[in-house]
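Below, read A as the first sequence line, B as the second, and so on, with proteins coming before strands; counting in each chain starts at 1. Hydrogens, waters and symmetry mates play no part in the numbers below; they use all other heavy atoms, side chains included.
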Number of protein chains: 4
Amino acid sequence: MLPTGEPKFRRRKAERPDEIVEAALQVFAAKGFAAARLEDIAARAGVSKGALYLYFATKEELFHAVVEQAIAPNIQLVLGLIAGHPGPFADLVRGVAERMAAMVETTPVGGVAKMVIGEAQNFPALARVWHDELVGPALGAMAGAIAAAQARGEVRAGDPRAYALSLISPLLLGVIWRETFVPIGAEPFHLPRLARQHVETLLQGMLADKDPCA
Amino acid sequence: MLPTGEPKFRRRKAERPDEIVEAALQVFAAKGFAAARLEDIAARAGVSKGALYLYFATKEELFHAVVEQAIAPNIQLVLGLIAGHPGPFADLVRGVAERMAAMVETTPVGGVAKMVIGEAQNFPALARVWHDELVGPALGAMAGAIAAAQARGEVRAGDPRAYALSLISPLLLGVIWRETFVPIGAEPFHLPRLARQHVETLLQGMLADKDPCA
Amino acid sequence: MLPTGEPKFRRRKAERPDEIVEAALQVFAAKGFAAARLEDIAARAGVSKGALYLYFATKEELFHAVVEQAIAPNIQLVLGLIAGHPGPFADLVRGVAERMAAMVETTPVGGVAKMVIGEAQNFPALARVWHDELVGPALGAMAGAIAAAQARGEVRAGDPRAYALSLISPLLLGVIWRETFVPIGAEPFHLPRLARQHVETLLQGMLADKDPCA
Amino acid sequence: MLPTGEPKFRRRKAERPDEIVEAALQVFAAKGFAAARLEDIAARAGVSKGALYLYFATKEELFHAVVEQAIAPNIQLVLGLIAGHPGPFADLVRGVAERMAAMVETTPVGGVAKMVIGEAQNFPALARVWHDELVGPALGAMAGAIAAAQARGEVRAGDPRAYALSLISPLLLGVIWRETFVPIGAEPFHLPRLARQHVETLLQGMLADKDPCA
DNA sequence: TATGAATGAGTGTTCATTCAT
DNA sequence: AATGAATGAACACTCATTCAT
């Protein structure tokens with residue numbers, strides 16, 4: 001009845017699905033798929049349990065939305081970084097590592113990753129989304145960049161895909177460590193530092209004999 | 001009428017717990033803790049649901065038994081390898097990596113690890129067992145060996161714990177990859193090869209003998 | 001097609017708890033706590049098993065609600081009767097006995113009492129509620145009235161608490177008789193008549209006015 | 001192989017059923033029928049769970065045996081006391097009350113009674129046994145004695161059965177009190193004293209005007 | 001659009017009873 | 001006669017999903 005003015009308490013509707021997905025992200029990341037209760041998600045989103053079903057047909061569909069929504073903002077970033085890099089290989093690696101370290105520290109991607117790992121067997125579709133849209137392309141792009149650097153003589157011989165995995169795995173394992181063992185009192189890793197030390201050390205072995213310390 | 005065949009009651013007190021743990025290992029690794037149904041475990045072990053409770057008081061206790069049974073045979077192996085190594089650091093690393101690669105290829109440790117990662121938040125006791133009995137000691141032993149090598153001037157400066165994580169993470173991530181993405185069609189990694197290439201490459205950067213930045 | 005009939009969902013939040021407690025009262029009184037099946041209670045209340053848990057967190061909590069609901073309306077009555085009585089002791093006793101006889105004949109208090117007796121060992125909380133809220137205060141109030149009458153010289157010497165128990169026990173035992181033995185064919189007692197005869201007889205011995213032992 | 005001598009550890013077999021019934025009595029009295037676990041009974045009797053079934057076909061049959069065994073030794077005592085009493089009514093009542101007070105203090109009859117009350121609805125056969133073999137005859141005998149005393153002019157007019165119940169109910173209620181409320185901290189009654197005060201008081205009202213203080 | 005009362009299938013756990021030994 | 005491993009039916013409780021409002 002008051003169509004004008006600031007609809008202060010009515011910026012609903014359009015934002016609802018996002019609010020729900022955001023709430024679901026928190027709960028799924030914390031509990032995993034099976035142990036997450038729709039009631040908790042609804043409560044955290046400030047809606048009723050029934051309202052969830054206005055936007056998502058099933059729990060699994062909501063889970064999909066969470067995975068896709070948590071991926072989308074981040075994936076293009078890394079891919080673009082790799083694809084568009086002009087300079088020497090070492091700089092590319094350093095840039096990607098730094099960006100990824102920042103990402104895992106500032107976004108809930110770690111929680112989602114843990115959740116995907118834990119539920120992959122029961123919900124293969126999730127593993128497929130995660131693989132096809134995120135880790136597959138990213139690993140492929142990185143391997144491509146490595147192959148190109150090898151072709152240019154910048155990087156020594158060796159399986160590019162294995163090199164790519166070598167480069168990023170401490171960071172990912174650090175995230176898993178944080179999600180899995182830090183809550184029970186294990187000493188955390190400082191992820192940016194871990195990534196930097198790892199990349200610098202590994203580059204020593206990867207780069208061809210032209211001075212890697214440039 | 002034949003005296004053999006399927007007797008209803010088998011009376012095999014001695015073998016039963018192992019059979020049950022083995023079955024539970026399969027089901028837990030496949031489904032995770034929450035989604036695993038005791039009924040499935042019982043069926044796979046060839047016993048009734050009730051029989052499970054003759055040996056394990058709760059589902060969680062069974063889970064513990066699985067974790068400890070899958071850990072126990074493997075942990076001392078690696079720790080002993082590290083502790084008892086006399087020779088140069090590079091040889092130690094190569095030996096450990098080779099042994100671990102073999103282990104993850106021949107034992108279900110990967111499935112258990114995935115399960116621990118997925119359920120850690122909901123069952124902290126599991127994460128604690130896994131950390132305190134396996135990854136904690138292993139990481140500590142490795143970091144200790146690295147620090148010793150640094151003291152001997154064999155290895156360059158740098159956080160030993162981060163180096164240790166760097167050394168083993170591609171292997172562990174390869175296992176996670178196998179458990180998570182290979183079932184949906186992703187290309188697997190050849191873990192021994194992956195480990196070897198990684199170790200050789202990383203060692204180049206870790207070892208101090210010849211300064212590559214001359 | 002008719003708009004009336006049995007709608008699957010009734011949406012009667014307000015009435016439901018009372019309906020459930022009423023149904024639970026019947027089933028608990030008939031079977032005792034352990035043998036009562038939640039499914040029977042739900043069926044009798046015309047709801048699903050799950051609906052019970054919308055109102056009561058556990059079977060025991062439902063049991064508590066039943067006890068308190070069956071107690072609450074009756075307890076103040078008797079206590080008020082005792083506390084507010086002005087006249088001579090004999091009239092008080094007669095009034096209380098009459099009121100209690102009417103109560104046990106018109107309310108399910110007998111069934112609940114039997115249930116409390118039967119389950120007290122396994123569910124001490126129930127015995128505590130019943131004792132603290134009903135029999136304790138009632139016995140105490142009665143003993144207090146007796147002690148006062150003794151102080152006034154109306155009642156002979158003797159333990160007031162034992163006198164109080166003496167006064168009411170035939171009525172209570174009559175209820176237990178009804179709940180326990182009448183269903184298998186035993187001859188019932190007419191409780192008001194039983195109470196009256198007992199009170200009149202016992203009063204002869206309690207009252208001090210005329211020494212019967214001249 | 002050693003048929004002679006003291007078979008010190010072999011006075012089995014004949015005593016087994018009694019030992020089992022004795023153990024069952026304890027457990028049933030403590031927990032009630034439904035909550036009593038055959039395993040506990042077996043353990044307390046020092047036999048295996050399976051051995052129970054060599055002597056009793058079902059849990060209910062064992063329950064029956066317990067009731068009958070706990071009754072048998074006590075019933076004839078009271079009945080004989082009443083039947084064979086020659087002297088004045090007051091002495092009979094005093095003797096019976098004293099004997100019963102001793103009985104409830106020294107035997108587990110209280111626990112069994114509580115159990116019968118609690119389980120009567122679910123196992124009417126138990127109530128029947130208890131009624132037909134114990135309380136029915138006892139109440140009848142007492143009522144008969146009262147009627148005879150009335151015929152002799154010793155006792156005033158009134159329903160003999162109601163008088164009988166009046167006489168014994170405080171004692172029985174005291175037992176129920178002990179079983180139900182004392183475990184949660186209620187103050188117990190001293191049963192012999194309670195019975196004595198009650199009987200003396202009630203007799204004042206029951207006895208005809210000839211001096212009751214003789 | 002939104003609610004939340006209600007459902008009902010599903011699961012961990014218990015325990016009386018059976019039976020090979 | 002005795003054991004105790006094994007069974008299987010039963011039950012309390014949970015929670016994703018539905019639907020009258």
Give [X] one of three labels, base, sugar-phosphate or nothing, depending on what nucleic acid heavy atoms sit under 4.0 Å from its own.
X: C:A34; result: nothing
X: B:A36; result: sugar-phosphate
X: D:L38; result: sugar-phosphate
X: D:A57; result: nothing
X: C:K59; result: sugar-phosphate

Legend entry - Residue whose nearest DNA chain E nucleotide is more 5′ - B:E39 or C:L52: C:L52
[X], nearest nucleotide to its side chain (from [options]):
X: C:K49; options: F:dC13, F:dA6, E:dT17; result: F:dC13
X: D:L54; options: F:dT3, F:dC15, F:dT17; result: F:dT3
X: C:Y55; options: E:dT13, E:dA16, E:dA5; result: E:dA5

Legend entry - Gap separating the CZ atom of A:R128 from the CD1 atom of B:I184, nearest 0.5 angstrom: 5.0 Å
Legend entry - Side-chain N,O (A:R37) to OP1/OP2 (F:dT14) below 4.0 Å: no
Inset, instruction - Taking the side chain as every heavy atom from C-beta outward, state whether A:I41 and A:F28 have any atom pair closer than 4.5 Å. - result: yes
Legend entry - For atom OH of C:Y53 and atom P of E:dG10, their distance in whole Å: 18 Å
Inset, instruction - Determine, stepwise, if the pair C:F63 / C:M115 fulfils side-chain contact (heavy atoms from CB on, under 4.5 Å). - result: CA-CA 10 Å; C:F63 197 112; C:M115 159 174 87; 3.2 Å; yes
Inset, instruction - Tell me which of C:A51 and B:G50 sits closer to the 5' end of DNA chain F, going by the nucleotide each one is nearest to. - result: B:G50
Legend entry - From D:L54, D:L62, D:L25, D:V66, residue fulfilling side chain to side chain contact (heavy atoms under 4.5 Å, CB included) relative to D:I20: D:L62
